[in-house]
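Heads up, the thing below is written out as structure tokens.
In the text below, chain A, chain B and the rest are named by the order of the sequence lines, each starting its count at 1.
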Amino acid sequence: GDSVTQTEGLVTLTEGLPVMLNCTYQSTYSPFLFWYVQHLNEAPKLLLKSFTDNKRPEHQGFHATLHKSSSSFHLQKSSAQLSDSALYYCALSFFHQGGSAKLIFGEGTKLTVSS
Amino acid sequence: GGIITQTPKFLIGQEGQKLTLKCQQNFNHDTMYWYRQDSGKGLRLIYYSITENDLQKGDLSEGYDASREKKSSFSLTVTSAQKNEMAVFLCASSNRAGTEVFFGKGTRLTVV
């Protein structure tokens, strides 16, 4: 079936170091891929989504590249900031029966950035 | 801008009790979702609905019912609350393509 895998449950970094959070997926369709971020006591919010034209999405210093050959959509940032500490979810959506999207999330990666 | 409102924010129920969580959106989105959030287990889909009066089961539908009374509202019922299902329940809505998704702030369920 369709699924999203995030291998790291917890990532701890020192401010200024690069960030890379892993995401791989399985899908019988050609899905859109997303990264969502959830800060403490807040709702998840969209951080990035994949494009169909191979553009690399970027937002708030984060970027991710969809590699269909390896079914991956890893999240990267060159230099971590304290405010990046949050829970990050990778997700995919694809058209399901009835012509509507079904959203599937990974297990999440908690990123903690310290000074 | 639009908003998703979940009520109540905190819900305390007794074991075996039937409990209902509500969600309203004003994005005019077709699709609405209910997810359960447990620490270390991500967001697991309980039910979703692609239009009014439609229901689709997710991976975690057992023990839950849902109702899409109108386009803007989607309710979730815990049919018999159990202590092992204490979690945060998140409602979301999206456009039909699933490229625009917004979440509510969640309902935290405690079972005593």
Exercise. Transitively linked via ILVMFWY side-chain contacts under 4.5 Å: B/Tyr47 with B/Val78?
Worked result: yes
Exercise. Could you name the residues of residues 2-22 of chain A that have a heavy atom within less than 4.5 Å of a heavy atom in chain B?
Worked result: none
Exercise. Measuring from A/Lys102:NZ to B/Thr31:OG1, what's the distance to the nearest 0.5 Å?
Worked result: 12.5 Å
Exercise. Given B/Leu45 and A/Phe105, is the side-chain contact (heavy atoms from CB on, under 4.5 Å) satisfied, shown in steps?
Worked result: CA-CA 8 Å; B/Leu45 183 62; A/Phe105 287 83; over 6 Å; no
Problem set entry | Residues, nucleotides or ligands: over 12 heavy atoms within 6.0 Å of A/Gln26 CD | no
Exercise. Linking I/L/V/M/F/W/Y whenever any side-chain heavy atoms sit under 4.5 Å apart, do B/Met86 and B/Tyr64 land together?
Worked result: yes
Seminar exercise, completed: Within residues 33-41 of chain A, the residues sitting under 4.5 Å from chain B by heavy atom, in sequence order, are A/Phe34, A/Tyr36, A/Gln38
For this session: Could you please state which residues from residues 83-90 of chain A sit under 4.5 angstrom from chain B, measuring non-hydrogen atom to non-hydrogen atom, sorted by number, or 'none'?
Result: A/Leu87, A/Tyr89
Seminar exercise, completed: CD1 of A/Ile104 to CG of B/Asp59, rounded to nearest 0.5 Å, is 7.0 Å
For this session: Report whether B/Leu76 and B/Tyr48 are members of the same hydrophobic cluster (ILVMFWY, side-chain heavy atoms less than 4.5 Å apart, transitive linking).
Result: no
Exercise. Any chance CD of B/Glu15 has more than 12 other-residue heavy atoms, nucleotides or ligands included, within less than 6.0 Å?
Worked result: yes
Problem set entry | Heavy-atom proximity to chain A below 4.5 Å, by part of B/Gln6 | neither
Exercise. Taking a hydrophobic cluster as the set of Ile, Leu, Val, Met, Phe, Trp and Tyr residues connected by side-chain heavy atoms closer than 4.5 Å, whether directly or through intermediates, do B/Ile4 and B/Ile46 fall within one such cluster?
Worked result: no
Seminar exercise, completed: Bottom line for B/Leu90: the part with an atom under 4.5 Å from chain A's heavy atoms is side chain
Report, one line per pair, each donor and acceptor closer than 3.5 Å where one atom sits in a side chain of residues 101-112 of chain B; sequence neighbours left out.
unit_1: B/Thr107; atom_1: OG1; unit_2: B/Pro8; atom_2: O; d: 2.6

For this session: Indicate, with yes or no, if B/Val88 and B/Leu19 share a hydrophobic cluster defined by side-chain heavy-atom contacts under 4.5 Å among Ile, Leu, Val, Met, Phe, Trp and Tyr.
Result: no
